[in-house]
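Start at 1 and go down the list; that is how both ligands and their atoms are numbered.
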Amino acid sequence: MSRLALATLDGNWEHDHTVPSRTLYPHQWSWDSAFIAIGLAHVRPDRAWQELGTLFAAQWADGRVPHIVFNPRLRVGAYFPGPEFWDSAAADGAPAAATSGIVQPPVHALAAWLVHRRGPSAASRAALAELYPGLVAQQRYLAQRRDVAGGGLACVVHPWESGLDNSPAWDAPMAAVPAEAETMRAYRRHDTAHADAAHRPTDLDYARYLAMVQSYRAGRYRDDDLADRHPFLVECPLFNAARGAAEHALASIATVVGADPEPHRERAARITAALVERLFDPATGTFRPRDVRTGRLVPARTVLGLTPLMLPDLPAPQVAAVLAEACSARFGLAGRMDRPLPSHDRTAADFDPLRYWRGPSWMNINWLVWRGLRAHGRPELAAGLRRSMIDLVAGAGCHEYFHPDTGAGLGSPAFSWTAALLLDALAEV
Ligand code: 9WN
């Protein structure tokens, strides 16, 4: 199995980065590269550092790490929306490389720390020292430019920033974004040429995705006055838990590179407190995204609500609540479980086992929860989840996502983060 994973990563290597998938996603993606680096650390450590280095070479002057770095060698139309749609060159502080203007969950500091920990050496310490200022700037950007509500949490301005594009979590806030499916007649979607359209977001979803990019792009991707002019502003539990986990990782990195870990610990504590304060609903015992435009928590109970478990300092009552939700029939976590966690509540009326982030199981989310279970001293549950992840890939291969009941592979068949995180799961007992 590790041979298949390695072959998948090697096959997706592209001169200085790894593509998530040769067909569907032929450029470099931000959080994919972090997960990929975690896996590469086991088999190709030099490449792990190069992966992160290439991504951070495209960091914007304001600290944002773009969600896509476009490969200039590819033909126009290799992915939609491509560099011409994003037009990053027209924005202040954009790098020389063409990129998107939005971000993804900041899991990179955690990745850098894990890559180093896998094989500490003079070279890994030098790599950490080189990345550290960029990782700090990434966090500063999110804290200072994206805290639209002023409560200590960063907003996502687009569902693509969450990484869980068409999660039912975004249905309510997306409904307020004016757009019509017919707009898509003017464009050519790339995803539906390579994957089953019935598994992908709909044309109406895509029309709204484009409208949100156009709104942000019209302001040259500036973040001032977002509350007055942007149609989608949501505080996401996964995105903010990743920020907190990043500060914990930065505290560890700081001790290696000779910086002060204390400010990172303080920020981590503030993020965890804000997450509990703003996104935990005591009535249902769940973490849910907050729509900043309406002030309300979204109704859907998705797997996003389990991800704060990745925070080592999550308070005991919230740990207990997340575990109760995870072990309920909604998600099915257990010491012995047939399939990993689905992306959405199995008991919900809109649970869809085939459509992208609306039901299928994904390795990265399961991996994040697995780490959380270990951090919070639940080895039995962690072992059950790990076994289910390994069995899934053993049965279906390194697919992008999986049918949550049958385990059948869906989406791209040679997907990088599935391969990378499998390597990590295999290595850590
Ligand atoms: C848009 C690359 C990316 C992942 C996301 C996943 C999907 C893109 C798309 O693919 O999003 O960014 O075209 O659907 O949702 O998490 O980073 O693998």
Side-chain angles (χ1 to χ4, degrees), residues 8-9 12 14 17-39 51 55 65-71 74 77-83 85-86 99-108 111 156-170 174 184 187-197 199-203 205-210 212-213 216 236 238-239 242 302-304 307 343-344 355-368 398-402 410-421:
T8 302
L9 290 172
N12 288 346
E14 179 61 50
H17 65 277
T18 310
V19 298
S21 147
R22 286 266 164 214
T23 51
L24 269 170
Y25 316 109
H27 300 282
Q28 182 174 28
W29 258 260
S30 167
W31 80 328
D32 295 66
S33 282
F35 293 126
I36 289 164
I38 290 165
E51 184 81 38
L55 179 67
V65 175
H67 105 294
I68 305 175
V69 183
F70 291 106
N71 176 356
L74 295 187
Y79 176 77
F80 177 79
F85 192 87
W86 289 95
T99 74
S100 69
I102 59 171
V103 299
Q104 275 188 323
V107 284
H108 312 81
V156 292
V157 301
H158 197 294
W160 285 338
E161 292 203 306
S162 74
L164 275 68
D165 309 354
N166 66 335
S167 167
W170 316 132
M174 282 256 289
M184 292 311 295
Y187 301 104
R188 186 139 159 207
R189 280 179 67 172
H190 165 82
D191 58 327
T192 42
H194 292 277
D196 191 334
H199 298 180
R200 294 284 309 179
T202 63
D203 269 359
D205 290 333
Y206 257 78
R208 290 189 165 125
Y209 296 157
L210 296 190
M212 285 180 266
V213 173
Y216 200 31
C236 167
L238 165 56
F239 193 95
T302 71
V303 80
L304 288 167
T307 57
S343 44
H344 186 33
R355 204 181 281 274
Y356 221 41
W357 294 99
R358 304 183 73 88
S361 302
W362 292 73
M363 271 294 268
N364 63 335
I365 303 294
N366 277 280
W367 182 88
L368 288 169
C398 292
H399 274 264
E400 183 181 3
Y401 49 99
F402 302 86
L410 301 168
S412 167
F415 193 67
S416 297
W417 84 38
T418 302
L421 298 176

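Between Arg189 and Asp203 there is a salt bridge, since at least one side-chain N of the basic residue sits less than 4.0 Å from a carboxylate O of the acidic one.
Not counting sequence neighbours, the partners of Tyr25 by the ring-ring contact (aromatic ring centres under 6.0 Å, His included) test are Trp29. Scored by the salt bridge (charged side-chain N to carboxylate O under 4.0 Å, His left out) test, Glu400 finds no partners at all (sequence neighbours excluded). Every residue was checked against the ring-ring contact (aromatic ring centres under 6.0 Å, His included) condition with His199, not counting sequence neighbours, and none meets it.
In this structure, ligand 1 sits under 4.0 Å from heavy atoms belonging to Pro20, Tyr25, Trp29, Trp31, Asp32, His67, Tyr79, Gln104, Trp160, Gly163, Asp165, Arg200, Tyr206, Tyr356, Trp357, Phe415, Trp417.
Closest heavy-atom contact between Pro168 and Trp357: CD-O, 3.6 Å.
The six-membered or imidazole ring of Trp362 lies near that of Tyr356, with a centre-to-centre distance under 6.0 Å.
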